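Predicted model only: the values in this text are computed from it and were never measured. Note that ligands are numbered from 1 as they come in the structure, with each ligand's atoms numbered from 1 the same way.
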Amino acid sequence: MITCKAMANGFEYIEINNATATAKIALQGAHLFEYTRHNETPILWVSTCTAFENGAAIRGGIPVCWPWFGMSENPDLPQHGFARTSIWKLMEQTENAQASTIILELQSTKSTTKLWPFEFTLRLHVKVGTTLELSLETLNRDSKTMNITQALHTYFTIDTIQNVSIRGLEHKRYFNALDKTFYTQEGAITFDKETDRIYQDVTWPLKIDDSVRTISINASNSTSCVVWNPWIEKCARMSGMCKESYQSMVCLETTNALKPTFPPTHNEAGGSISSAR
Ligand code: TA6
């Protein structure tokens with residue numbers, strides 16, 4: 001079943017409840033903030049200290065970072081772009097015995113062109129079943145070439161950060177956003193401090209090994225990925241985070257974060273995540 005709902009403060013979202021899972025997607029940002037397979041621990045992590053109100057991105061779930069990842073050249077513009085705080089429209093919905101699919105859309109407007117001078121249509125395809133599949137589709141409706149960077153900035157629920165390792169990025173080059181230096185990954189990724197890295201030339205799928213389960217993340221048309229945990233100090237400073245949030249989440253983000261290229265045609269970057277014991 002696919003239902004449009006609103007929270008007590010009017011915050012609108014779409015609720016999907018089918019034979020395999022439940023999911024919730026806010027119209028603001030087409031922000032998927034819940035994906036839980038029945039009788040299992042939620043796959044997506046959402047902070048218990050986040051607000052659900054228009055104008056502020058939900059802390060958790062899958063923020064859509066577009067048309068830039070990170071900071072824009074113009075420091076007055078919002079980090080991770082404007083798509084995640086814009087109101088999208090539900091354009092299509094279909095269901096069958098295996099899954100429910102919705103398509104949300106964001107069109108350029110006078111207010112977006114003030115921030116970023118391009119005509120575009122952005123679509124997010126969401127398929128909810130025993131796996132969760134998202135595909136972010138950019139249509140450049142302008143006459144000019146766009147340079148975009150983008151991310152599906154996914155927060156995953158984990159049991160304890162100290163027991164987590166990420167496999168599949170061994171020997172990959174990465175940019176360490178903390179010291180602005182490139183390194184090569186040795187072995188699986190584990191966490192004992194703030195970690196904020198953009199891995200390049202990624203070969204999917206990747207695995208998040210938690211002490212209680214393994215989450216597999218696959219992607220196509222995504223050349224890079226970000227691995228992030230704020231750890232203690234940054235977590236304490238961040239909006240929407242509780243003091244102990246860093247212990248129960250890790251971000252593994254399917255991105256095109258370093259090499260912006262986009263002619264006036266069509267681009268689709270997507271990914272799917274599944275949880276396997
Ligand atoms: O993807 C990692 C990152 O760029 C971190 O540096 C941190 O800023 C995180 O995104 C969250 O950003 P936000 O703008 O959602 O607070």
Side-chain angles (χ1 to χ4, degrees), residues 26 28-33 44-86 115-116 124 134 136 148-158 161 164 166 169 172 174-183 185 189 191 193-200 202 206 208 215 217 219 222-260 269 271 273:
Q28 178 186 251
H31 194 139
L32 205 155
F33 61 92
L44 300 183
W45 179 89
V46 177
S47 169
T48 52
C49 296
T50 192
F52 288 89
E53 55 195 29
N54 290 342
I58 299 163
R59 176 66 65 199
I62 307 181
V64 174
C65 303
W66 190 96
W68 57 83
F69 173 81
M71 290 307 292
S72 159
E73 293 92 38
N74 175 349
D76 297 333
L77 295 178
Q79 174 162 268
H80 292 332
F82 54 79
R84 64 174 176 169
T85 49
S86 299
L115 296 173
W116 193 65
L124 186 70
L134 280 79
L136 183 63
I148 65 168
T149 52
Q150 55 188 344
L152 295 174
H153 190 300
T154 309
Y155 290 72
F156 291 96
T157 302
I158 47 108
I161 190 65
V164 166
I166 292 177
L169 291 166
K172 295 294 182 187
Y174 68 88
F175 177 72
N176 183 335
L178 303 176
D179 64 7
K180 313 290 185 227
T181 306
F182 282 93
Y183 297 90
Q185 180 61 37
I189 301 166
F191 299 86
K193 58 182 177 297
E194 183 180 354
T195 304
D196 194 346
R197 304 173 183 176
I198 304 176
Y199 285 83
Q200 295 180 289
V202 175
L206 304 178
I208 300 174
I215 298 174
I217 301 99
S222 168
T223 56
S224 53
C225 85
V226 170
V227 173
W228 176 60
N229 183 282
W231 214 247
I232 302 165
E233 284 76 23
K234 180 156 186 178
C235 187
R237 296 196 305 269
M238 292 188 76
S239 64
M241 285 286 209
C242 307
K243 186 165 168 290
E244 70 291 342
S245 291
Y246 75 96
Q247 294 178 359
S248 59
M249 53 70 63
V250 68
C251 279
L252 198 162
E253 307 158 31
T254 45
T255 67
N256 289 307
L258 279 179
K259 300 174 187 136
I273 55 177

State whether the side chain of Gln200 and the backbone N or O of Phe175 hold a donor-acceptor pair below 3.5 Å, judged by distance alone. no
Would a distance-only check, ignoring hydrogens and angles, find a side-chain to backbone donor-acceptor pair under 3.5 Å from Asp196 to Pro230? no
With ring centroids as reference points, do Phe191 and Tyr246 lie under 6.0 angstrom apart? no
For atom 12 (O) of ligand 1, what is the nearest protein heavy atom, given as residue, atom name and distance? Gln79 NE2, 3.1 Å
The atoms of ligand 1 lying under 4.0 Å from a heavy atom of Glu253, numbered in the order shown, are 1 (O), 2 (C)
Proximity of Lys234 to ligand 1 by residue part, where a heavy atom lies under 4.0 Å: side chain
Nearest non-hydrogen protein atom to atom 5 (C) of ligand 1, with distance, is Asp196 OD2, 3.3 Å
Note the single closest protein heavy atom to atom 11 (C) of ligand 1, along with its residue, its atom name and the distance in Å. Arg59 NH1, 3.7 Å
Counting distance only, does the side-chain N/O of Thr149 pair as donor-acceptor with the main-chain N or O of Phe69 below 3.5 Å? yes
Measure Arg84 to ligand 1 on non-hydrogen atoms and call it side chain, backbone, both or neither using the 4.0 Å cut-off. side chain
Ligand 1 to Met238, heavy atom cutoff 4.0 Å, flagged ligand atoms 11 (C), 16 (O)
Test your reading of the model: is there a side-chain donor-acceptor pair from Thr195 to the backbone of Lys193, 3.5 Å cut-off? yes
Heavy-atom contacts with Val226 under 4.0 Å: which atoms of ligand 1 show up? List them by number with element. 1 (O)
Students often mix this up, so state it plainly: with edges at 30° and 60°, are the rings of Trp68 and Phe82 parallel, tilted or perpendicular? perpendicular
